[in-house]
Amino acid sequence: MNTDCLFCKILAGQIPANRVYEDELCIAFPDINPQAPTHLLIIPKEHLTSMAKALADHEPLLGHLMGTAADLARSNKLDKGYRVVVNTAEDGGQTVHHLHLHLLGGRQMKWPPG
Ligand code: AMP
Ligand code: ZN
């Protein structure tokens with residue numbers, strides 16, 4: 001746990017979040033400022049600052065997070081498709097420095113993103 005990290009505080013139960021999914025490696029909860037009808041955040045229980053800090057050892061965890069996103073997309077009936085976003089570091093627009101996947105769905109997405 002990183003005591004300065006918002007998502008570590010959510011993991012510790014110090015900040016409330018509606019855990020719509022939890023397993024031994026990750027949790028998922030709704031984004032507080034949703035950008036689509038479905039907007040979930042999937043975060044590892046391990047504090048990893050960003051994708052830019054991921055090492056070979058993290059590959060099973062990264063795969064698990066992606067698989068969890070796919071499972072949550074199915075359980076949320078995002079049958080027409082969805083988008084998974086991992087904002088990474090400064091140029092990536094990351095604001096919370098604990099790795100997270102955004103699962104966005106329920107509307108037509110645009111490309112390129114801003
Ligand atoms: P990013 O900009 O990729 O780092 O995404 C961080 C996300 O965390 C943003 O979409 C925020 O709306 C979201 N967020 C910030 N605080 C909370 C919170 N307490 N509960 C749920 N989502 C949050
Ligand atoms: Zn953290």
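Only a predicted model underlies this, so the values are computations on that prediction, with no experimental measurement involved. Start at 1 and go down the list; that is how both ligands and their atoms are numbered.
With hydrogens and angles disregarded, no donor-acceptor distance shorter than 3.5 Å links the side chain of R83 to the backbone of Q108.
Taking 2.8 Å as the limit, the number of protein N, O or S atoms around the Zn ion (ligand 2) is 4.
Judged purely by distance below 3.5 Å, without hydrogens or angles, the side chains of H64 and D23 pair a donor atom with an acceptor atom.
A36 approaches L104 most closely through the heavy-atom pair CB-CD2, 4.1 Å. Residue G106 comes nearest to L78 through the heavy atom pair N-CD2, 3.9 Å, listed as atom of the first residue, atom of the second, then distance.
Summarising the contacts of atom 4 (O) of ligand 1 with T95, L104, N87, the nearest heavy atom is found in T95. The heavy atom nearest to atom 9 (C) of ligand 1, out of those in L41, I10, D31, is found in D31.
Looking at I15 next to ligand 1, no N or O pair under 3.5 Å apart turns up. In terms of polar-atom proximity, Q94 is not counted as a contact of ligand 1, lacking any N or O under 3.5 Å from an N or O of the ligand.
Atoms of ligand 1 lying under 4.0 Å from at least one heavy atom of F7, given by number and element, are 8 (O). Near V96, with a cut-off below 4.0 Å to any heavy atom, the atoms of ligand 1 are 4 (O), 6 (C). The ligand atoms of ligand 1 that sit less than 4.0 angstrom from a heavy atom of N33 are 12 (O).
Counting heavy atoms from C-beta on, the side chains of Q14 and M1 come closer than 4.5 Å. H97 places none of its side-chain heavy atoms less than 4.5 Å from the side chain of C5. When side chains are defined from C-beta on, K45 counts as touching E22, because their heavy atoms get closer than 4.5 Å. Residues T68 and L101 fail the side-chain proximity criterion, which asks for heavy atoms closer than 4.5 Å.
Residue contacts with ligand 1 do not include Q35, since none of its heavy atoms lies under 4.0 Å from the ligand. Using a 4.0 Å heavy-atom cutoff, G93 is listed among the residues neighbouring ligand 1.
Heavy atoms of H100 found under 4.0 angstrom from ligand 1 belong exclusively to the side chain. Neither the backbone nor the side chain of H97 has a heavy atom within less than 4.0 Å of ligand 1. If you look at P30 next to ligand 1, the close heavy atoms, those under 4.0 Å, all belong to the backbone. Looking at V85 against ligand 1, nothing comes within 4.0 Å, counting heavy atoms.
Distance check: Q35 CD to M109 CE gives 9.5 Å after rounding to the nearest 0.5 Å. The CG atom of L103 sits 11.0 Å away from the CG atom of D31 when rounded to the nearest 0.5 Å.
Every pair passing ring pair (Phe, Tyr, Trp, His ring centres under 6.0 Å) that includes a residue from residues 8-56 is listed here, sequence neighbours excluded: F7-F29, H39-H102, H47-H98.
Considering N87, I42, L62, T49 in turn, L62 is the only one that fulfils the side chain to side chain contact (heavy atoms under 4.5 Å, CB included) rule with L99.
L40 and L65 fall within a single hydrophobic cluster, where Ile, Leu, Val, Met, Phe, Trp and Tyr side chains are chained together by heavy-atom contacts under 4.5 Å.
The closest protein non-hydrogen atom to atom 21 (C) of ligand 1 is I32 N, 3.4 Å. For atom 16 (N) of ligand 1, the nearest protein heavy atom (residue, atom name, distance) is L6 CD2, 3.3 Å.
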